[in-house]
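Notes to accompany the following structure.
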Amino acid sequence: MTNNLERSAEKFLNLMDRLRQVGPQTAPPKEANISLSQLTYLTFLASHPGCGIQSMASGLKLSKPSVSIGVSQLEEAGFLTRQSDPQDGRAVQLFLTAEGQKLHQHTLEFRCKKFERLLTKLIPQERITLINLLEKAIKSIENETQGELK
């Protein structure tokens, strides 16, 4: 049983490496002129407008200094803005600018097209099965990880 599990794990890791090469998590389109890590921050902020650097770092499971540098770069590029938190004058909230929202939408469309190409040869039921199994596996690990943090 262990050998079967080990072989499955090895094959899965190989597939994940290949997916990183061709899939939707590859670099953003060149005209976006941002790094993959900056795209990660932009995507998080699009889903969590008004968050702070600490909550972004926690949500992405990254260090606060790393996120702070990326946020500063995105701010300099004009893709996000910092605003004082109306509830706490010492805290800062982050928001996408109009250019940031436009870039987010453009990269989202680009990544979705790549994902569609990845799934195009699967019939609808296979797509549903693949996504459900990945979601189940990921939730299992997330629950395990959260249990370790408590």
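Both backbone and side-chain heavy atoms feed into the values below; hydrogens, waters and symmetry mates do not. Sequential numbering from 1 along the given sequence is applied to the chain's residues.
The minimum heavy-atom distance linking R82 with S68 is given by the pair NH2-O, 4.4 Å. Closest of all the heavy-atom pairs between G78 and E99 is O-CB, 3.8 Å. Taking all atoms of both residues into account, the shortest heavy-atom contact from S55 to F44 is O-CZ, 3.9 Å. Counting all heavy atoms, side chain and backbone alike, K64 lies closest to Q54 at CD-OE1, 3.3 Å.
L108 and L119 fall into different hydrophobic clusters, where Ile, Leu, Val, Met, Phe, Trp and Tyr are joined by side-chain heavy atoms under 4.5 Å apart, directly or via other members. In the hydrophobic clustering of this structure, I53 does not group with F95; members are Ile, Leu, Val, Met, Phe, Trp, Tyr whose side-chain heavy atoms approach within less than 4.5 Å, directly or through other members. Hydrophobic clustering, with ILVMFWY side chains joined whenever heavy atoms are under 4.5 angstrom apart, keeps F115 apart from I128. In this structure, L134 is not a member of the same hydrophobic cluster as L13, with clusters built from ILVMFWY side-chain heavy atoms closer than 4.5 Å. Hydrophobic clustering places V67 together with L96 (ILVMFWY residues linked when any side-chain heavy atoms are closer than 4.5 Å, directly or through intermediates).
In this structure, CG in L45 is found 10.0 Å from CG in L60, a value given to the nearest 0.5 Å. With rounding to the nearest 0.5 angstrom, the CD1 atom of I138 is 10.5 Å from the CD1 atom of I131. The distance from the CZ atom of F12 to the CG atom of L5 is 12.0 Å, given to the nearest 0.5 Å. The structure places CG of L36 at 10.0 Å from OH of Y41, a figure rounded to the nearest 0.5 Å. The distance from the OG1 atom of T107 to the CD1 atom of I34 is 6.0 Å, given to the nearest 0.5 Å. Considering CZ of F79 and NZ of K102, their distance stands at 9.5 Å, rounded to 0.5 Å.
Counting heavy atoms from C-beta outward, T81 and Q83 have side chains that approach closer than 4.5 Å. Looking at heavy atoms from C-beta onward, Q93 lies out of side-chain contact with P49 at the 4.5 angstrom threshold. Between L122 and L130 the shortest side-chain heavy-atom distance falls below 4.5 Å. Side-chain atoms of E6 and E10, non-hydrogen and from C-beta on, never get closer than 4.5 Å to each other.
Between E75 and the options L80, L94, T97, a side chain to side chain contact (heavy atoms under 4.5 Å, CB included) holds for only L80.
For the pair S140 (side chain) and K136 (backbone), a donor-acceptor distance under 3.5 Å is absent.
Q105 and Q101 share no donor-acceptor pair across their side chains, judged by distance under 3.5 Å alone. Between the side chains of S63 and S66, a donor-acceptor pair is found at a separation under 3.5 Å. Using modelled atom types and a 3.5 Å distance limit, the side chains of T120 and R127 yield no donor-acceptor pair.
With respect to E109 and K113, no salt bridge is recorded, no charged nitrogen being found less than 4.0 Å from a carboxylate O.
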